[in-house]
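Residues: numbered from 1 along the sequence shown. All values reported here derive from a predicted model rather than from experimental measurement.
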Amino acid sequence: MAHHYSSRIWESSLPSSRPSGKKSSGGSLSVSPGDKLRSLRRPRGTVIGLLPAAGVERRVRLPREAPALQKEDVRAAPMCDVELGGMKKEPVSEGQSGPAEPHWFERNVQPCLAEAVGSALFVFIGCLSVIENADGTGRLQPALAHGLSLGLIIAILGNISGGHFNPAVSLAAMLIGGLNFMMLFPYWISQLCGGLIGAALAKVVSTEDRFLNASGAAFGTISADEQVGGALLAETIMTLFLILAVCMGAINEKTKSPLAPFCIGFTVGADILAGGAISGACMNPARAFGPAVMANYWDYHWVYWVGPLMASLIAAVLIRFFIGDRKIRLFLK
């Protein structure tokens with residue numbers, strides 16, 4: 001008859017042998033220490049066990065050696081760890097360590113390489129979409145190219161570096177605890193180098209006329225001092241929207257989502273469609289820096305640094321003080 005047990009099973013580490021039960025004067029069955037018992041939780045001094053040979057439950061008296069066994073040899077094991085049908089899961093010895101720590105290359109070098117490669121791909125696609133923008137498409141072609149490429153690059157490389165590809169995003173991630181402070185400047189250098197490489201590749205594959213007409217995809221939307229205030233505010237708000245999508249979708253535990261890469265890409269596309277005519281909707285100093293170097297176009301370039309970095313500070317305050325989870329929030333935990 002099969003017996004089902006609902007509580008934990010206690011297994012002694014004595015070597016298995018055939019039971020040598022003998023009737024005692026009290027009428028109960030005495031068990032020698034050589035018998036291997038698998039028992040349920042029991043009242044003190046008794047055990048409800050299954051004798052391997054008999055295959056029946058009996059209430060027996062514990063031998064004198066049992067207290068020592070309980071303290072030294074008996075261990076609690078879940079049902080899956082108990083010997084069933086001759087198969088037993090080997091316990092992990094105390095000397096064995098957990099998973100090895102990542103190699104220094106994976107901790108320090110690989111994330112920076114991923115940021116450089118991802119930034120180069122993003123800036124290349126973004127610049128090319130502006131330089132080769134077809135007549136009549138307006139901001140739709142750059143919005144789709146920037147948004148879709150960023151979402152795909154984050155999905156591909158995000159598990160290596162976090163998928164920032166933007167100095168403003170890296171600053172915000174560091175301020176909320178999602179990036180080690182010592183990695184901030186290496187990330188910035190990698191992103192700026194990637195932006196230079198991407199802009200250079202876009203220049204190489206484009207015709208000279210188209211490259212000059214588009215100013216190398218540098219941001220030339222601001223043409224007068226009167227536009228600076230509105231452009232700066234627009235860059236700050238749009239970058240804030242982007243940073244919140246990154247930090248809340250990929251870093252904050254309470255709101256983290258597997259769809260974060262594509263949500264971030266959609267945010268970039270929406271920002272370009274909405275604010276492209278006001279400031280160019282850069283939201284990324286690395287995206288502004290690479291084309292500015294290739295085309296030697298620096299008019300109002302500072303706007304595309306100050307606005308995004310201000311947005312990083314605002315986003316950090318919002319997340320640290322108000323909308324972050326208990327792990328990130330500084331107060332009212």
Side-chain angles (χ1 to χ4, degrees), residues 114-173 191 194-195 197-199 201-202 205-206 214 216-221 231 234-251 255-291 303-304 307-308 311-312 315:
E115 286 294 311
V117 171
S119 299
L121 292 174
F122 172 66
V123 173
F124 170 75
I125 296 297
C127 290
L128 205 59
S129 69
V130 174
I131 295 171
E132 302 294 334
N133 192 8
D135 296 335
T137 60
R139 295 188 297 274
L140 182 61
Q141 181 172 324
L144 290 176
H146 283 84
L148 293 176
S149 63
L150 182 60
L152 291 172
I153 294 169
I154 293 174
I156 295 169
L157 301 174
N159 285 337
I160 299 177
S161 66
H164 299 174
F165 316 123
N166 185 336
V169 171
S170 297
L171 176 60
Q191 291 156 359
I197 294 171
L201 292 175
V205 302
S206 302
F219 289 90
T221 307
E235 281 295 313
T236 303
I237 296 173
M238 289 186 290
T239 309
L240 175 62
F241 186 20
L242 172 62
I243 291 174
L244 288 178
V246 175
C247 294
M248 300 303 290
I251 299 176
T255 56
K256 188 182 294 186
S257 169
L259 298 177
F262 301 102
C263 294
I264 296 166
F266 292 155
T267 304
V268 170
D271 281 346
I272 294 174
L273 289 174
I278 300 174
S279 65
C282 176
M283 304 167 285
N284 187 339
R287 168 65 180 84
F289 178 73
V303 172
Y304 305 106
S312 300

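- What you find for P291 and G216 is that their closest heavy atoms are CB-O, 3.3 Å.
- In this structure the side chain of S149 never reaches within 4.5 angstrom of the side chain of L121, judged on heavy atoms.
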Output a table of donor-acceptor pairs, distance under 3.5 Å, between side-chain atoms of residues 255-270 and any protein atom two or more places apart or on a different chain; print 'none' if there are none.
from	atom 1	to	atom 2	distance (Å)
T255	OG1	M248	O	2.5
T255	OG1	N252	ND2	3.1
K256	NZ	E253	OE2	3.2
S257	OG	L259	N	3.1
T267	OG1	C263	O	2.8

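- In this structure, I131 and A214 approach most closely via the heavy-atom pair CA-CB, 3.9 Å.
- In this structure, the side chains of L128 and S206 come closer than 4.5 Å at one or more pairs of heavy atoms.
- If you take CG on L201 and CD1 on I125, they are separated by 10.0 Å, rounding to the nearest 0.5 Å.
- Side-chain atoms of Q191 do not come within 3.5 Å of backbone N or O of S119 as any donor-acceptor pair.
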Quick one, S161 with E115, criterion side-chain hydrogen bond (donor to acceptor under 3.5 Å, both in side chains). Give me CA distance, side-chain angles, the key distance, then yes/no.
CA-CA 7 Å; S161 66; E115 286 294 311; 2.7 Å; yes
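- Considering only heavy atoms from C-beta on, V169 stays 4.5 Å or farther from S312 through its side chain.
- Looking at every heavy atom in both residues, S129 comes nearest to H146 through OG-CE1, 3.7 Å.
- Between F122 and F165, the gap from one ring centroid to the other reaches at least 6.0 Å.
- To the nearest 0.5 Å, atom CD1 of residue I243 and atom NE2 of residue H164 are 10.5 Å apart.
- Residues V123 and A199 share a closest heavy-atom pair of CG1-N, 3.8 Å.
- Closest approach of I278 and A234 over heavy atoms only: CG2-CB, 3.9 Å.
- L157 pairs in a side-chain contact (heavy atoms from CB on, under 4.5 Å) with only one of the listed residues (I154, I160, N159), which is I160.
- For the pair L242 and N166, the minimum side-chain heavy-atom distance is below 4.5 Å.
- Listed by chain and residue number, nothing satisfies the ring-ring contact (aromatic ring centres under 6.0 Å, His included) test with F289 (two or more places apart in sequence, or in another chain).
- Considering only heavy atoms from C-beta on, M283 comes within 4.5 Å of I272 through its side chain.
- Within the model, atoms CG of L244 and OG1 of T239 stand 11.0 Å from one another, a figure rounded to the nearest 0.5 Å.
- How far CZ of R139 is from OG1 of T137: 11.0 Å, rounded to the nearest 0.5 Å.
- Checked by atom type and distance alone, the side chain of Y304 never pairs as donor or acceptor with a backbone atom of E235 at under 3.5 Å.
- When all heavy atoms of G275 and M238 are compared, the pair lying nearest together is CA-SD, 3.8 Å.
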